[in-house]
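Notes follow the structure.
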Amino acid sequence: MRHRLNVLMTAGALVVGTAVALASEVEAFLSGAGKACVGCDLSRRDLKSRDLARAKLDQANLTNADLSAASLFRASLVRADLSGAKLAGANLNLIDAKWAKLAGADLVEALMYEADLSSADLSRANLKTAKLGRARLTGANLTGARLPGADLRGARLAGAKLAGADMRATALHNQNLREMDLRGVDFSMGDMIEADLRGADLRDAQLAGVDLYGANLNGADLRGANFEGANLTNAILTGARTDGAKFEAAIMPDGRRAE
């Protein structure tokens, strides 16, 4: 009995000690005295315009935190929870945010060049005009995300989920979208020059006004897709299923404009 009591007291002391350590770590982080706050609860904190470059925030709780215009350059946010966080105009260049939760986050005009967002949850996030050049979005969840005007040139999207995403006027030059499920995605007025869309499922997708010069659509499912006014000059449509697709006023692969 006495041994069991000692064990319980020791366990309790460890829990209290951990809590005190975390509390002091949060205090140091908020005061600017420290840049590491692994597993800390920073939810709803006002951190806007803060210099958090190279901060270590793995597994931190940053839900609904205000990080507008903050610098998180090269910060580590592996498995951090930033659901609903405000990150408009933030510098997220080169962050490591693998498996991070960013569902519903405000990332308007955020700088995310070469950010590692592999397997991150960006569902319903607002990424309007965000700069995602060469970002790693492998396996990321972008379901219902808003990306109008976003720059995704050189980004890695293999295995990403894009169902219901708003990708109007998005830059996707030379992007590899091979065999991806792109049903119903709105790419209107976007730039998809020489994009690899072989075997992609583009049923009912909106591609009106999209520049698809030299794009490879070999074997793609284009049933019900809207290509009205699109530029398909030199595009490859061999083996593509085009039942019900709309090509009104589009420039076809041979350079002729469709009636």
Side-chain angles (χ1 to χ4, degrees), residues 15-137 140-152 155 165-166 170:
V15 171
V16 172
T18 301
V20 171
L22 281 175
S24 62
E25 199 170 355
V26 170
E27 186 178 338
F29 180 80
L30 293 174
S31 68
K35 282 291 185 77
C37 210
V38 176
C40 292
D41 185 357
L42 298 164
S43 57
R44 300 183 182 280
R45 294 284 188 175
D46 184 353
L47 300 167
K48 57 178 175 286
S49 301
R50 292 281 295 270
D51 180 6
L52 303 173
R54 294 181 171 80
K56 191 169 181 59
L57 293 162
D58 299 333
Q59 301 179 59
N61 179 5
L62 288 151
T63 55
N64 299 305
D66 189 349
L67 290 149
S68 305
S71 175
L72 286 151
F73 176 75
R74 283 191 182 279
S76 183
L77 293 154
V78 176
R79 296 188 186 279
D81 191 347
L82 294 112
S83 303
K86 297 177 182 178
L87 291 150
N91 182 351
L92 301 168
N93 288 336
L94 293 161
I95 61 167
D96 184 356
K98 291 188 286 290
W99 303 289
K101 296 178 182 178
L102 289 145
D106 180 1
L107 290 151
V108 174
E109 296 186 347
L111 301 175
M112 305 173 79
Y113 184 75
E114 288 194 353
D116 191 345
L117 294 153
S118 304
S119 300
D121 182 3
L122 289 148
S123 57
R124 305 181 311 284
N126 188 352
L127 291 143
K128 182 179 180 181
T129 63
K131 307 302 182 187
L132 287 148
R134 297 177 65 178
R136 296 179 182 87
L137 289 155
N141 182 6
L142 288 155
T143 304
R146 289 171 285 169
L147 295 119
D151 188 346
L152 285 157
D166 178 358
T170 299

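Predicted model, so just to flag it, every value in this text is computed and none were measured.
- Here the side chains of Tyr113 and Asp151 are not in contact, with every heavy-atom distance at 4.5 Å or above.
- In this structure, the side chains of Arg146 and Lys128 stay at 4.5 Å or more apart for every pair of heavy atoms.
- The two residues Leu87 and Ala105 make their nearest non-hydrogen contact at CD1-CB, 4.5 Å.
- Going from atom CG of Asp121 over to atom OG of Ser83 covers 6.5 Å, rounded to the nearest 0.5 Å.
- With a 4.5 Å cut-off on side-chain heavy atoms, Leu30 and Leu42 count as touching.
- Counting all heavy atoms, side chain and backbone alike, Ala97 lies closest to Ala120 at O-CB, 3.9 Å.
- Between the side chains of Asp58 and Ser76, at least one donor N or O sits under 3.5 Å from an acceptor N or O.
- Annotation for Ala90 and Leu67: closest pair CB-O, 3.8 Å, computed over non-hydrogen atoms.
- Atoms OG and CG, from Ser118 and Leu137 in turn, are 7.5 Å apart once rounded to the nearest 0.5 Å.
- Closest approach of Leu57 and Cys37 over heavy atoms only: CD2-CB, 3.8 Å.
- With respect to Leu117, the side chain to side chain contact (heavy atoms under 4.5 Å, CB included) criterion is satisfied by exactly one of Leu142, Leu92, Leu132: Leu132.
- Rounding to the nearest 0.5 angstrom, the gap separating the OG atom in Ser68 from the CG atom in Leu107 is 10.0 Å.
- How far CG of Leu82 is from OG1 of Thr63: 8.5 Å, rounded to the nearest 0.5 Å.
- A distance of 8.5 Å separates CZ of Arg124 from CG of Asn141, quoted to the nearest 0.5 Å.
- The two atoms that bring Arg134 and Glu114 nearest to each other are CZ-OE2, 3.1 Å, heavy atoms only.
- No option in Arg50, Lys48, Arg44 other than Lys48 meets the side chain to side chain contact (heavy atoms under 4.5 Å, CB included) test with Asp66.
- Note that CG of Leu111 and CG of Leu94 are 11.0 Å apart. Values are rounded to the nearest 0.5 Å.
- A salt bridge between Asp116 and Lys98 is present, with a side-chain N of the basic residue lying under 4.0 Å from a carboxylate O of the acidic one.
- Of all heavy-atom pairs between Glu25 and Ala36, the closest is OE2-O, 3.2 Å.
- Residue-environment remark: NZ (Lys35) exceeds the threshold of 12 foreign heavy atoms within 6.0 Å.
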